[in-house]
Protein chains: 2
Amino acid sequence: MNASAPGVYLGLDIGGTKIGMCVGTPDGRVLASDRFPNDPALKPEAMLARCTTRLAELAAGVGGASVLALGAACPGPLDYRAGKFINPPNNPSWHGFALRDWLAANFACPSAMMNDANAAAYAEWLWGAARGTRTAVFLTVSTGMGAGLIIDGRLYEGPLGLAGEIGRIQLSPSDDGPVGFGRRGTVEGYCSGPGMSQMAAAEATACTHRGEESVLREVLKKEGAITPERLCEAARAGDPAAKRVTDRVARELGRIMAIMTDILNPEVFVLGTIGTAYPELFIPGATGTLRAIALEPATAIVDVRPSALADRGNQQALAVAHYTFAANR
Amino acid sequence: MNASAPGVYLGLDIGGTKIGMCVGTPDGRVLASDRFPNDPALKPEAMLARCTTRLAELAAGVGGASVLALGAACPGPLDYRAGKFINPPNNPSWHGFALRDWLAANFACPSAMMNDANAAAYAEWLWGAARGTRTAVFLTVSTGMGAGLIIDGRLYEGPLGLAGEIGRIQLSPSDDGPVGFGRRGTVEGYCSGPGMSQMAAAEATACTHRGEESVLREVLKKEGAITPERLCEAARAGDPAAKRVTDRVARELGRIMAIMTDILNPEVFVLGTIGTAYPELFIPGATGTLRAIALEPATAIVDVRPSALADRGNQQALAVAHYTFAANR
């Protein structure tokens, strides 16, 4: 960071298992970063105090430029009116924590918290795969399945910050399909890591019953569960049963994208975590389904892409800082 | 119209069976109006020439105030890039007609065409049931089923004007349910006039097979078809079979509203034509289904209402004039 620079942003990427911290530039480059495991034994205030100290060290390490804003990307759903967490999965000690007030009390710069799917959409639109579009949808495809929306050149979060909470939408009857958001057959059931694990286990069991060999059977037997990574690696290596599962996930992704295309007429869908790690397993199938079922003139302009951010989690947090900086400027 | 008034808008409400013309104020009051049956034997240019002459008479009749803008509300889908009709139902002679260029060549004031669902959403937000909200959805529930979207205090139409084309979304498998948009089980199948006619006929047949009396059987036998008005009047009069159909329509309306709530977190849904004429048949059931299945904090703020416009078709056309006037100001 040189002395003529306009200042830096600070970012906090609050996840279920770790908290990322970073210092970055107004154009979204990460200058320094670190991460701590999110210790469930610590209260949020204690965790955040550690992060604040480390952020100050990181900022000093890059030359101590003035801090323009701080952004925190947080697992949803959040209570936007109160500035609180509702019930972050894997992180019971954060339930109900009033992060917005805590940030305002502990940082002199403008600060804000944002649902991580919305932060990701904004980051992709500013600096990543949705750059240059006016209407774009980010899909997390991660531990949960949520969407972030850029509509007509602006981030759209909804009056309660609940726009894009698509995980709950039913794609098949609620007595069929994997569980997500507490129900079978939902978008989060089919299009999330835990949902893929359920589908992989069911497929492994089906293979056993029909006497078909599969890597999935071996993994399930040895490890008691099949992680999404194991599933995707098996599909990538050509295991037919694993490929059936990832093909199904791709089709269900295509179905929710078709619904969103008919409602929003977007130019691009950006797929997060799993879609970014294994684009060839999901993007062609999802795109094919989308084009087969949504309204034709709209499908002709829509593109499906993996994330193009080099350091996603940190850049999402920086995008929140950018958003609050722009709002306060 | 008094001499100190700032001017008037002209409106054209182009429907499948008639064209409405009006002169109105910038705050959406209709000062004078007329309508012609849309003669399928006439080319659009000839029909529109008649309308233009009549509009001039109407404007002269209210005092000849200066014309600020003209708006045309048109049946979708439209080709927004080319400013053309694509394929208006019931109106083959208008297919591909370049209305935007025709309006520009024939009126000195700013002029614009807009999808009628979008025009209705904008009119309800300016002057009707969605006034004072920042995010609202209008559902046509008419010959077709489309949505118009107000997002974060602005009309949102999408890059091709295809946002809100929800009629095509599948609510049940495509081998079940009434046909809409050429497919069984779609939103337009369940939530449109023609879809209701299909469901009413199926219910009448089911009554015959189970030996149940119903007004629907008599109407079907006598007239060969059951119009949505006949269905709704029978339900309003307490016919159990008719009520089963309207209850089902209400549930399917609730399902698509739940999907749109999870995606958009709106404050209000406004129901058009049939929902406005028979609110008690559809609004309680649709609202109950919406609240039962969408994400809870979002459902707590959402309200479902009939249109509150006194002269809907004309006011929708005036809203398009308002939109182009604001854009050109």
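Owing to the predicted nature of the structure, the values given are computational and were not obtained by experimental measurement. Sequence lines set the chain letters: A, B, ... in the order given, protein chains first and strands last, and positions in each chain run from 1.
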Pick one of side chain, backbone, both or neither for [X], based on which atoms fall under 4.5 Å of a heavy atom in chain B.
{"X": "A/Ala294", "value": "backbone"}
{"X": "A/Glu157", "value": "backbone"}
{"X": "A/Ala298", "value": "both"}
{"X": "A/Ile301", "value": "side chain"}

Value rounded to 0.5 Å, distance of CZ in A/Arg134 from OH in B/Tyr156: 9.5 Å
So do the side chains of [X] and [Y] get within less than 4.5 Å of each other, counting heavy atoms only?
{"X": "B/Ile259", "Y": "A/Ile263", "answer": "yes"}
{"X": "B/Asp152", "Y": "A/Ile151", "answer": "no"}
{"X": "B/Ile293", "Y": "A/Arg183", "answer": "yes"}

Heavy-atom pairs under 4.5 Å with chain A: which of [options] has the most?
{"options": "B/Thr133, B/Leu264, B/Ile166", "result": "B/Leu264"}
{"options": "B/Val187, B/Thr261, B/Thr135, B/Ile169", "result": "B/Ile169"}
{"options": "B/Ala258, B/Gly164, B/Gly167, B/Pro159", "result": "B/Pro159"}

Residue selection (most heavy-atom pairs with chain B, distance under 4.5 Å) from A/Asn265, A/Leu295, A/Leu149: A/Asn265
Max heavy-atom pair count under 4.5 Å with chain B, selected residue of A/Ala300, A/Gly158, A/Ser172, A/Gly146: A/Gly158
